[in-house]
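A, B, ... follow the sequence lines: proteins, then strands. Residue 1 opens every chain. Source: prediction; values computed, not measured.
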Amino acid sequence: MDQQLFDRFKKCAIDVLAVDAGKLTLEAKFKEDLGSDSLDLVEFVMALEEEFGISVPESDLDGVDTVGKAFNLVTSKVS
Amino acid sequence: MQGAGHRIAITGYGVVATCGIGKQNFWKGLLGPGLSGSHTVEIENWDATPYYAGPKEMRRADRCEQYAIAAAQEALDQSGDLPYDRSRIGTIFGTGIGGLRTLEGQVEVRVAKGKERVSPFLVPMMMSNAPGAAISMRYGFQGPSETICTACAAATHALGYAARQIAWGRCDAVLSGGAESAATITAVAGFENMTALSTTMVSKPFDATRDGFVFGEGAAVFVLERLDLAVKRGAKIYGEILGAGSNADAHHITAPSPGGVGAIACMKLALEDAGLNADQIKQVNAHGTSTPLNDAAEAHAVEAVFGSNNPPMTSIKGVTGHPLGAAGALEAAAVLLSFEHKLIPPTANTTVIASEMKVDIVTGKARAWTPGPTISNNFGFGGHNGSIIIAPFVN
């Protein structure tokens, strides 16, 4: 895992979702563990698009329910 | 108030104003110097963190809503727990505009970065019913939750309609009031270009040299409660709403009807609703915006309704500026504070009353009085008139 990339990802999550850094494990589920609803995630994806200069269409988000899956998605777009 | 016979008590109220946060700081501000030197007055160093669980919730509330939440918290701290069925506690709120800061900010985002970057929270933040909705959600009040949007008359109309929910027996308690925070660059330009704002940048209601208003902001929230139930639970009662009037000029989108005929009819409606004669009113809390047309029409209307021996009249807008839809809420709070302190706050900045006005404007310093029924007027663009009569509680 690219730690530098993950740190940038984490910063977006902390800013937008207002969660403690300690909760941002790869296994953490957005809804159950981080208390994020669908609008939270829309805002989070926007922040990631901005931070990494990527585009994430809604169709890519199907099944992306954990921090790890979201990070993998970002990684695949960046590289 | 006409209805099913229930009286309406005010058992708590909170204020967020440019001249003071919290009702007693607001009062001190009302006795202080008037505004000058700017087209606008805004709350400096506003910090919403004490009112929100975290930064996410806070960021997702427009400032207009944040003011409402802060004022509601102060009001409910005073009233204490409302021991009623949640479905019988309403939230009837007023605002002139709503989350304009959010809208303007997001328009800038769209222009600069494209529509894909517009916040998914734009809609729930800008909608004018957001402040009232936020209060009902935070406290779980499941009675009627409606927002009245009648420009600068909004909070007066909200308070009247809220009181009627109790008078008619639909609610046991209602949170009501108004909030505004809309002095964006675009909105200020709009008011400026329509020549509503003071070019000399001084708010001086009823003064011979008044030339427009100063654009303000703020919020006040009130706990209205069925009076017998409030007495029964031992609540402190700050005042009683005796009646309210609402009508329309049906004349012009911004100018009051000539001779203030709409305002005259509105005040008479409120008197009739309260079952009072004109000579029983002991104070007029004026709309008094400091615009040439409003103040002339209102002064004429007050003289027409109350005769040559009209009651003392004040406008707090010399200090608060004009907070649009929140005006009626801040002014109802000023009325309650005038009961508590047995003083009528002065109309700040006003020195020479326009000669054609045959009314008794309180100027210079606060005037001692024996508190009695007080009428508060607010008039909105669109020809909306609102009057409410509030009295000290007498068992």
Side-chain angles (χ1 to χ4, degrees), chain A residues 5-25 28-67 69-71 73-78, chain B residues 46-66 68-70 73 98-140 142 145:
Chain A
L5 218 55
F6 191 61
D7 287 345
R8 284 165 64 196
F9 176 94
K10 261 170 79 169
K11 189 175 178 308
C12 286
I14 291 164
D15 287 350
V16 176
L17 305 176
V19 291
D20 294 335
K23 284 189 172 178
L24 288 169
T25 60
K29 288 187 172 244
F30 287 113
K31 192 174 168 196
E32 291 81 358
D33 301 325
L34 304 181
S36 304
D37 63 19
S38 60
L39 290 183
D40 289 330
L41 295 181
V42 173
E43 206 178 27
F44 181 44
V45 169
M46 280 177 149
L48 293 172
E49 287 179 326
E50 186 106 0
E51 171 67 25
F52 294 101
I54 57 176
S55 175
V56 184
E58 213 178 318
S59 53
D60 285 4
L61 295 170
D62 280 348
V64 178
D65 56 353
T66 65
V67 168
K69 287 179 191 171
F71 181 62
L73 181 63
V74 167
T75 313
S76 71
K77 300 264 178 192
V78 171
Chain B
W46 169 247
D47 177 15
T49 50
Y51 309 105
Y52 286 88
K56 191 171 82 177
E57 291 74 14
M58 190 171 78
R59 201 173 63 226
R60 291 175 184 176
D62 184 88
R63 197 177 263 227
C64 173
E65 178 181 323
Q66 293 178 1
I69 284 289
Q73 187 170 309
L100 191 62
R101 289 183 191 280
T102 298
L103 176 61
E104 189 150 332
Q106 290 299 310
V107 168
E108 285 175 6
V109 168
R110 181 186 60 77
V111 170
K113 298 182 177 176
K115 70 184 180 69
E116 292 74 19
R117 289 289 174 273
V118 171
S119 167
F121 294 95
L122 163 66
V123 173
M125 288 173 73
M126 78 166 175
M127 62 190 196
S128 51
N129 56 311
I135 293 171
S136 92
M137 279 187 281
R138 174 165 296 195
Y139 297 101
Q142 294 168 337
S145 176

Legend entry - Interchain contact, A:Val19 with chain B, by part (heavy-atom threshold 4.5 Å): neither

Inset, instruction - For B:Pro120 and A:Val42, work out which heavy atoms get closest and say how close. - result: CG-CG1, 3.6 Å

So which donor and acceptor atoms of chain A and chain B come within less than 3.5 Å of each other?
| residue | atom | partner | partner atom | Å |
| --- | --- | --- | --- | --- |
| A:Asp15 | O | B:Arg59 | NH1 | 2.9 |
| A:Val16 | O | B:Arg59 | NH2 | 2.9 |
| A:Asp40 | OD1 | B:Arg60 | NH1 | 2.0 |
| A:Asp40 | OD1 | B:Arg60 | NH2 | 2.9 |
| A:Asp40 | OD2 | B:Lys56 | NZ | 3.2 |
| A:Glu43 | OE1 | B:Arg60 | NE | 3.4 |
| A:Glu43 | OE1 | B:Arg60 | NH2 | 2.6 |
| A:Glu49 | OE1 | B:Arg117 | NH1 | 3.0 |
| A:Glu50 | OE1 | B:Arg117 | NE | 2.7 |
| A:Glu50 | OE2 | B:Lys113 | NZ | 2.7 |

